[in-house]
Amino acid sequence: MGRVVNPRLRAFAEDDEPVRYDEELEVYVVSSHEAARTVLNDPGFVTDRLDSLLPRLGGLDEPPSSLNAMLQMFMDGPAHDRFRLAVSRDLAPKRVDEMRPRIGAIVDAALDGVADRPAFDVVADVAYPVTIGVIAELLGIGVAGARALLGFASRISAVLELRPTERQLLDAGDAVRGCALFLLPLLPGRRANPGRDLISSLVSLEPGGEPLPVDELLTMIVQILVAGHEPPAHLIANGALDLLGHPAELRRMRSKPGLAASAVEEVLRLGSPIGYLSRTATRDTVLAGTPVRKGSRLVLDLTAANRDPARYDDPDRFDILRPDPGHLSFGGGGHCCIGRALGRVEAEETLRRLFGRFPDLALDGEDLTRRASAAFHALDRLPVRRT
Ligand code: HEM
């Protein structure tokens, strides 16, 4: 069986080679599960592809916070280490479990909003209201504040595409400054009266006996917004589509709501919200038999790796009880998604409650819209109706 690849990367990865060089894009495309996992866990491959963007951002590196600083935090190095340490406690599974009832209430409120409607859009009416509500809760900024910040975050996300344009980069720089100007006035109040939110945690941290510099603190929050707002919404919408398209699996989940967690894992495997990850080789090496030169860029095609026939029996089958899905949809190694516990709970609570409350849900025609993006495996519209 041939490999299934990210449709947006298909042009340069449509054969069976686990690792191949694409002349036009000047990247190695990694499509086998084993090779992708090796790259993620080998410190010889680093996430510094954004280095190539930094010189093009001259003039943007100014206070109170900058796109450059944000990009540094995505890369390997001390800023990245400090970032992970600072946010890890608030995103740990134990803390997320404490948030679960509140997340359930946020989901219920979103479902109340559509309860009287014969038809609605899962993306706009459920997925985004849930993820916006969760970000509002996490940061303690209210829903209006979260909406404003996430508007900026969407513009910043454009830099994660394979080939961002100059205009997207400039716009992202403006959006980072917009976020910083929104957040800056909140900090003194959180210092004086800390709550249980992430901003309060960050302002009270004193690594090495000193509070975090304001610039770094703002950058950390922006990083959470950029990395944490889109993927859970896509996961929810992809999950709703997968379950609606597989009525037997949906019945299975509805008969035993505890299965929502394993359903989410299978949705992650088959519909990874993140389409690909990038790494750079720091030494000459050989990957799955292919020589890779130092300094080369690699693109890990998660869609292909998660359906690798060498790793999964019947890889295209949607099976919510698949033993050991072992997907790569949260990445791995030193950059493994730090918000994965939260993202999982958001999707689990939403899918369980959505199908529990509306057992008669069906796709509303063919009018769903897939996003034209290689970076995100996402739906922009998922119309459903009550039957
Ligand atoms: C459920 C959906 C989610 C998916 C599929 C997902 C996926 C990923 C992936 C694949 C990476 C690795 C990026 C790389 O290696 O280059 C990542 C990193 C990250 N994610 Fe998530 N994520 C999700 C939810 C979240 C949430 C809810 C948050 C925070 C609130 C979050 C915060 C982050 C951060 C901060 C990073 C960067 C980690 C680092 O570079 O060390 N994610 N995510």
Side-chain angles (χ1 to χ4, degrees), residues 30 36-37 39-43 45-50 70-88 90-93 95-96 99 103 127 130-139 146 149-150 153 156-157 159-160 197-199 202 219-239 261 264-265 267-280 297-303 305-306 327-351 375-378:
V30 180
R37 208 166 45 118
V39 171
L40 288 169
N41 288 300
D42 181 341
F45 297 97
V46 297
T47 57
D48 68 355
R49 79 169 182 101
L50 297 163
M70 198 205 84
L71 295 180
Q72 294 288 351
M73 230 173 252
F74 271 113
M75 291 157 44
D76 295 271
H80 173 248
D81 296 343
R82 279 198 300 279
F83 165 70
R84 284 195 76 99
L85 202 64
V87 300
S88 56
D90 286 80
L91 292 171
R95 176 82 185 91
V96 170
M99 284 174 75
I103 294 173
V130 167
T131 56
I132 288 169
V134 170
I135 288 283
E137 185 77 12
L138 184 70
L139 299 182
L149 280 181
L150 293 177
I156 299 168
S157 302
V159 302
L160 303 178
D197 59 276
L198 181 64
I199 300 181
L202 293 176
T219 307
M220 288 181 180
I221 300 169
V222 173
Q223 162 99 333
I224 290 288
L225 287 166
V226 171
H229 86 295
E230 290 257 0
H234 304 329
L235 180 58
I236 290 167
N238 293 347
V264 166
E265 294 313 300
V267 173
L268 278 160
R269 185 184 72 84
L270 278 180
S272 170
I274 307 282
Y276 69 86
L277 299 175
S278 294
R279 292 294 186 267
T280 301
R297 199 173 145 198
L298 296 94
V299 167
L300 315 184
D301 181 348
L302 298 185
T303 309
N306 282 340
H327 57 74
L328 299 177
S329 304
F330 289 121
H335 288 268
C336 185
C337 177
I338 202 159
R340 59 193 185 279
L342 182 59
R344 281 177 160 132
V345 169
E346 285 179 69
E348 195 189 317
E349 290 298 326
T350 306
L351 294 174
F376 294 111
H377 175 148

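Sequence positions, counted from 1, serve as the residue numbers for this chain. Order of listing sets the numbers, starting from 1, for every ligand and every atom in it.
At least one N or O atom of His80, backbone or side chain, sits closer than 3.5 Å to an N or O atom of ligand 1.
Considering all non-hydrogen atoms of both residues, Leu302 and Ser272 come closest at CD1-OG, 3.8 Å.
The heavy atom nearest to atom 4 (C) of ligand 1, out of those in Phe330, Phe83, Tyr276, is found in Phe330. Taking each of Ala227, Ser272, Ser329, Ser88 in turn, the one with a heavy atom nearest to atom 36 (C) of ligand 1 proves to be Ala227. Of all the listed residues (Gly275, Ser278, Pro273, Cys337), Cys337 holds the heavy atom that lies closest to atom 23 (C) of ligand 1. Within the set Ala347, Gly343, Gly239, Ala341, the minimum heavy-atom distance to atom 1 (C) of ligand 1 is found for Gly343. Comparing His335, Arg279, His377 against atom 16 (O) of ligand 1, the shortest heavy-atom distance belongs to Arg279.
The ligand atoms of ligand 1 that sit less than 4.0 angstrom from a heavy atom of Leu235 are 1 (C). Close approach to Ile274 involves these atoms of ligand 1, each under 4.0 Å from a residue heavy atom: 7 (C), 10 (C). Of all the atoms in ligand 1, the ones that sit under 4.0 Å from a non-hydrogen atom of Gly331 are 10 (C).
Residue contacts with ligand 1 do not include His229, since none of its heavy atoms lies under 4.0 Å from the ligand.
Between Leu328 and Leu300 there is no side-chain heavy-atom pair separated by less than 4.5 Å. Under the 4.5 Å side-chain criterion, counting only non-hydrogen atoms from C-beta, Ile221 is in contact with Leu202. Leu198 has its side chain within reach of Leu139: a pair of non-hydrogen atoms, C-beta onward, lies under 4.5 Å apart.
Listed for the Asn238 side chain is a donor-acceptor partner under 3.5 Å among the backbone atoms of His377. Formation of a donor-acceptor pair under 3.5 Å by the Thr350 side chain with backbone atoms of Ile236 is not found in this model. Remark: the backbone N or O of His327 is not paired with any side-chain donor or acceptor of Arg269 at under 3.5 angstrom.
In this structure, Arg37 places its CZ atom where only 12 or fewer heavy-atom neighbours from other residues, nucleotides or ligands lie under 6.0 Å away.
Under 4.0 angstrom from ligand 1, the non-hydrogen atoms of Arg84 all belong to its side chain. Residue contacts with ligand 1 for His234 are absent, since no atom lies close enough (heavy atoms, distance under 4.0 Å).
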